[in-house]
2 protein chains.
Amino acid sequence: MEGTRVHRVTIAQVAARAGVSTATVSRALSGNRPVSAEIRRRVDAAARELGYAGNTIASALRRSRTDTVGMVVPSIRNPFFTSLVESVEHALHDQGRQLFLCDSRQDVAVEAGHLRSLAARQVDGIIISPCHGSGSTPAVEATAAAIPLVQLDRHVAGTNTDWVGVDDGASMRLVLEHLHAAGARSAAFISSTLTNSSTELRLAGFRRHAERLGMGTRDDWILLGEYSVEWGRRAAETLIAGSGLPDAIVCADDLIALGALRACRDHGVAVPADVQVTGYDDIDFAALCEPALTTVSQPRDRIAAEAVRLLDAAAGAGATAAHIALAPSLVVRQSTAPAPATATAGARLDVRVRAGQPRSSRSDEGAHQESSSRP
Amino acid sequence: MEGTRVHRVTIAQVAARAGVSTATVSRALSGNRPVSAEIRRRVDAAARELGYAGNTIASALRRSRTDTVGMVVPSIRNPFFTSLVESVEHALHDQGRQLFLCDSRQDVAVEAGHLRSLAARQVDGIIISPCHGSGSTPAVEATAAAIPLVQLDRHVAGTNTDWVGVDDGASMRLVLEHLHAAGARSAAFISSTLTNSSTELRLAGFRRHAERLGMGTRDDWILLGEYSVEWGRRAAETLIAGSGLPDAIVCADDLIALGALRACRDHGVAVPADVQVTGYDDIDFAALCEPALTTVSQPRDRIAAEAVRLLDAAAGAGATAAHIALAPSLVVRQSTAPAPATATAGARLDVRVRAGQPRSSRSDEGAHQESSSRP
DNA sequence: CTGAAAGCGCTAACAC
DNA sequence: GTGTTAGCGCTTTCAG
């Protein structure tokens, strides 16, 4: 309609029209301080008539607060991070804040650039899933010194920032106990190279619980590549081509597991009859593939909510950081044999197993252990 | 390390340290105006020593330019929009701009709120895939009057803003000609209810080309619900339960197609032997499902690039808007029978068919028709 | 090439 | 409750 782009209307024009001062307009519109009903009416009317839209930039400069949060993820397109982004966006929206989304593309330099930009933009906080366990450290550390920052899912070595994620050790316990109950006595593990914390913790958990349950593993059954379908396929093919197949293939994320399922199908290996397969993350397609994937589900909305909460809590932070490890749960589908006890649970229905209370003093044996040093 | 959050360092402190004026510091750091080498050195050193980080907010207020763009999508989690977001983020990153990501959650009111916020934040432009063909009109229209705005993929009725997407008519031509060549003589269509432009155009294209090719359709073979796996499954079950199955099921997006594939598998209907199935969007999982899905691929990076380009072009816009319909291509996989000509193309390799030049005067018969009224 | 100074639009003291 | 005023940190005329 309006062909020409009109100059933005300012608070001063509204003030003039309403016959009050700019301060009064600010107060009336923001609702921060009391204003007489009569004046509020006049200001509202004037604002509406002029099509006043406000200028958050000016407001932000004055208040030194932008009501924005930056989020940096290794790959927007990885369905797990997509879900996390969605959850964070929703949590922020509920608070009237907006989200700067940054994709670091698994590149430490890109990531560092994003962190710098976000800091310069005066975001109120940053939520990051760092792309590398050590390479990301300098940038994360420098940024955290200036701005509230919480790490999500993964965290870098040598920093002391807030973190929220899932208890990877407990996840591995759920997975391996389930496989063991389903009859598996040996297992392989396909993951990414150990460039970040959760990848390391998942492998450590796999090793410990496999040993504890007496499930056999072999060095050449630990395959480390990257979080992708293609790697999962290649790694599983390596297993299939090797000497002897394990009873189960435990994958460090669902993409890898999907690749493994494909390799099995392509090579006539029956899942779960010949080999059981598990994933991690419970992405949407885990329920859709054939066979549907048994996988670890992370409480994404809670992770996001905690992260957002920590951002604000961090304002008055001391030296200690909060580490919040939430309880994972296991979603049992058709890629694993059902345990005897749950065998009657119905054909296509997902069976959900939740991590219980801590069973030992090892920090990652029990789930939902929140070692928060701050309220 | 640094336990306390230090007050941000300003240009004035850098100026003091370097022994120059703030104006000079600004010029040296931004590189906008020439500065003597000696002074540049001193300023750079001072900035580095103090850890100067800049304040984009202050800069933005002064320059009335934020180097940010807002993007609003109906659902972040829909893999097609996720891809679009990724492409846009990358395109913006190349320009040194950052992205506000907003999820309208298919809700016109939420969407309108996002548009208002973005406008108040003084974003340089907005890229939106409106959630409703008519319900979104007022907000889109009002926003476009104040800020460069381009619609992506879908567009609302009654506005005159820039738009970039794919030629839906051409897509349907590719799909139906392929199915026809593969022997299909009748087809059903599963889509979302007609609440937006591209949904309407896909149905119109389906109808026209089916008729042109002499492929049979029936009223109860046109099933309209929503873009989801679940709807695709239910709709396909309705078809299977009905009297007589069509030779092909054409789906308006890949999620629907995945649901349809599942329904077929669950009911013992062989794909593509009993019925051929096609999708739309070429999401990642289209290549992974069983059978892999023949689908329409949209040039997402180009769509994003054009959108970003239009945002800037729009600055000097007149009354007319650009409508850019890019050429889709068809990715042929295992959910359709190969056409005789391409039957030798190899087992698992995807075959790609690109929309050619316009073949008739109908605007959507030929693809890659760019009716841009602006350079 | 450099400095002084105005001011982007808004909010928070501070008066009244 | 309301007005006056200073100033957030930066960029940009305008002089020199």
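Per chain, numbering begins at 1; letters A, B, ... match sequence-line order.
Here Ser36(A) lies in heavy-atom contact (under 4.0 Å) with sugar-phosphate atoms only. Residue contacts for Ser64(B): at a heavy-atom cut-off of 4.0 Å it reaches no nucleic acid atom on any strand shown. Across all strands, Ile57(A) comes closer than 4.0 Å to no nucleic acid atom at all (heavy-atom distances).
The side chain of Pro34(B) has dC1(C) as its nearest neighbour among dC1(C), dC10(C), dG3(D). Distance from the side chain of Ala23(B) is smallest to dG3(C) among dG3(C), dG3(D), dG9(D).
Taking side-chain N and O atoms only, Ser59(A) has no distance below 4.0 Å to OP1 or OP2 of dC10(C). Within the 4.0 Å cut-off from OP1 or OP2 of dC10(D), at least one side-chain nitrogen or oxygen of Tyr52(B) is found. Distances shorter than 4.0 Å separate none of the side-chain N or O atoms of Thr10(B) from OP1 or OP2 on dG9(D).
Atom CZ of Arg33(B) has 12 or fewer neighbouring heavy atoms from other residues, nucleotides or ligands inside a 6.0 Å radius.
Residues Ala58(B) and Gly19(B) each lie close to DNA chain C; by heavy-atom proximity, the contact nearer the 5' end of the strand is made by Gly19(B). When each of Thr24(B) and Leu61(B) is assigned the nucleotide of DNA chain D bearing its nearest heavy atom, the one mapping closer to the 5' terminus is Leu61(B). Heavy-atom nearest nucleotides on DNA chain C were determined for Arg62(B) and for Ile39(B), and the one closer to the 5' end corresponds to Ile39(B).
When the P atom of dG9(C) is taken as reference, atom CZ of Arg65(A) falls 23 Å away, rounded to whole Å. Atom-to-atom, CD of Glu38(B) to C1' of dT2(C) comes out at 14 Å; the value is rounded to the nearest Å. Here dG7(C) presents its P atom at 19 Å from CD1 of Ile11(B), a figure rounded to the nearest Å. Between Asn32(A) atom CG and dA13(C) atom C1' the separation is 14 Å, expressed in whole Å. Remark: P of dC8(D) and CD of Gln13(B) are 12 Å apart, rounded to the nearest angstrom. The distance between atom CZ of Arg33(A) and atom C1' of dA13(C), rounded to the nearest whole Å, is 10 Å. Look at CG on Leu29(B): it is 16 Å from C1' on dT12(D), rounded to the nearest Å. Per the geometry, CZ belonging to Arg8(A) stands 11 Å off P belonging to dC10(C), to the nearest Å.
For a distance-only test at 3.5 Å, the side chain of Arg27(B) qualifies as a donor-acceptor partner of the base of dG3(C).
Atoms CG and CZ, from Leu92(B) and Phe100(B) in turn, are 12.0 Å apart once rounded to the nearest 0.5 Å.
Side chain of Trp163(A) to main chain of Asp153(A): a donor-acceptor pair is present (N/O by atom type, distance under 3.5 Å, no hydrogens or angles).
No salt bridge links Arg42(A) with Asp44(A); every basic N to acidic carboxylate O contact stays at or beyond 4.0 Å.
If you check the side chains of Ser129(A) and Arg154(A), you find no donor sitting under 3.5 Å from an acceptor.
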